[in-house]
2 protein chains.
Amino acid sequence: MEFFSEKAVTAADKTFFQLRKEIVEGEIPSGSKLSETELSTKYSVSRAVIREAINRLESCHLVERKANVGARVVALTPEGLVELYQIREALEGMAARQAAKNMSDEEIADLTRLLTAHFQEVKTGDSYYQEAGDVDFHYRIILGSKNKHLIGMLTDGIYHLVRMYRVQLGMAGPRVTTAFDEHQHIVKAIANRDEELAELLMRRHIMYSKNNIEHKLVNKL
Amino acid sequence: MEFFSEKAVTAADKTFFQLRKEIVEGEIPSGSKLSETELSTKYSVSRAVIREAINRLESCHLVERKANVGARVVALTPEGLVELYQIREALEGMAARQAAKNMSDEEIADLTRLLTAHFQEVKTGDSYYQEAGDVDFHYRIILGSKNKHLIGMLTDGIYHLVRMYRVQLGMAGPRVTTAFDEHQHIVKAIANRDEELAELLMRRHIMYSKNNIEHKLVNKL
DNA sequence: TATGAATAAAGTGTCGACAATATAGCCGCT
DNA sequence: AGCGGCTATATTGTCGACACTTTATTCATA
């Protein structure tokens, strides 16, 4: 899943990536407390490193911190999920709009190829790669926006929280073929340089995805 | 300007607020380097406090950091401004949509009162309070969305960067009466619970504002 | 003179210890 | 027995020192 070119140069980086991974995958359960001393012994680093890692996790909205009290992993709630998807709808919609304007022809061709390759895998029915492919698709469009702030907010900011909801609610699942069709329509709109339609389709795509997840989630949280 | 209820409980808080203020207002010039040792002597706190403050400034996109090299205040560029306003358009548009859905009748009445009071000040021609009134208006709608993630991203995240552009480019200025009309239309849409229109009008409002600033900015950056 | 390696200087990254604050448990009081 | 205040403990916040990396300087060599 590391198609983000994130290389850990410092110890705080490594610890941050490790903690983020464990939180997203639920190894550190949501709602649990993050004790600085405990973590520093567990990872064999100083508390300063842990503190920096926790600060970064807070920036990703993966933990919440109170002064003089400590940090807790965020709780997963239906309201939080809805709020998150509203933000995705706004930001990724804008990303699709800008991608329709700013992606190069080669990049669009690449994206089309990705989609057909993806279609081959869909036929084999392997749902995990469906998940990865979906993330990859959205990631490319985000990059295609060429908006550095937008890219940062989505990839560094909220995408790991999205993954956290998906992983912990077990969201590898259906909606495969329908989502695939939606992806195709979006790419066509981008290829036609139709900014308005690209944004609209992306927003609908994310809204459908939200509704789908919401249904599943009723009896899980 | 402190209508955000941000109280500094810890030393790192105070340093962060102080540094943020100085960066936004240009006292620490954009593009300049932030030396940890230098700042720690200047503010009479330890480097650990400075480091935490700088980390938070990085989360706000006010400084950029490179491992083993240091942190610099972000450079103000025309491209950066455009990117920032694209994000505002997406997020505040969504905020207006959600505000039309979630604000209470009392809150809407309050907002209307704010607008008429604001109109009185516009007639006196004091442009500074126009600026404050504009920020206040947007802030209330953001809060009205009732989306915690959205509120956090806008108020903690990008709003200080928006202010930095405005302050350092000297953006107290015209567009007063037209902006006021736009505000009125937005409130009407919210009062009518017309989510679609509220979002559309807010997006247009921000787009106009962007175009206005872009024109002024040509010969400044 | 220009280039490159070796070295010195400065700055960031990391650490362990101390100080300040919040939480938990105990004791006395009503 | 229940409640409020106090003490003890544990955790976070802050500090100064050391280790490592980057950058600037110096010096030798082609």
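Computed from a predicted model, the values in this text were never measured in an experiment. Only heavy atoms go into these numbers, but all of them, side chains included; no hydrogens, no water, no symmetry mates.
A close approach under 4.0 Å does not occur between any side-chain nitrogen or oxygen of B:T10 and OP1 or OP2 of D:dT12. Between A:T37 and D:dA10 there is no side-chain polar atom (N or O) within less than 4.0 angstrom of OP1 or OP2.
Residue side chain A:R47 reaches the base of D:dG13 through a donor-acceptor N/O pair under 3.5 Å, judged by distance alone.
Rounded to whole angstrom, the span from the CG atom of B:L34 across to the P atom of C:dA10 amounts to 20 Å. Atom CD of B:E36 and atom P of C:dG13 are 6 Å apart (whole Å). In this structure, the CZ atom of A:R51 is 12 Å from the C1' atom of D:dC15, given to the nearest Å. Rounded to whole Å, atom P of D:dT14 lies 18 Å from atom CD1 of A:I50. Distance, B:N55 CG to D:dT14 C1': 15 Å, rounded to whole Å. The separation between A:N68 atom CG and C:dT23 atom C1' is 12 Å, rounded to whole Å. Note: NZ (A:K14) to P (C:dG13) measures 13 Å, nearest angstrom. A straight line from CG of A:D13 to P of C:dT12 spans 16 Å, rounded to a whole angstrom.
Residues A:I158 and B:M153 are in side-chain contact: their nearest non-hydrogen atoms beyond the backbone lie under 4.5 Å apart.
A residue-by-residue look at A:V9 and B:V49 shows that B:V49 has its nearest nucleotide of DNA chain D further toward the 5' end. With DNA chain C read from its 5' end, the first of the two nearest nucleotides for A:S46 and B:K33 is the one closest to B:K33. Nucleotides of DNA chain D nearest to A:A71 and A:A48 differ in position, and the one nearer the 5' end is that of A:A71.
Side chains of A:Q98 and A:N147: no donor on one and acceptor on the other come within 3.5 Å. A donor atom on one side chain and an acceptor atom on the other are found under 3.5 Å apart for A:E92 and A:Y159.
The environment of A:K21 atom NZ is sparse: at most 12 non-hydrogen atoms of other residues, nucleotides or ligands sit within 6.0 angstrom.
Nearest to the side chain of A:V69, among C:dT14, D:dT11, C:dT23, sits C:dT23. For B:V45, the listed nucleotide lying nearest its side chain is D:dC15; candidates were D:dG13, D:dC15, C:dG13. Checked against D:dT14, D:dT11, C:dT12, the side chain of B:A11 finds its nearest nucleotide in D:dT14.
A perpendicular orientation is assigned to the rings of B:H183 and B:H138, their planes being inclined by more than 60° (bins at 30° and 60°).
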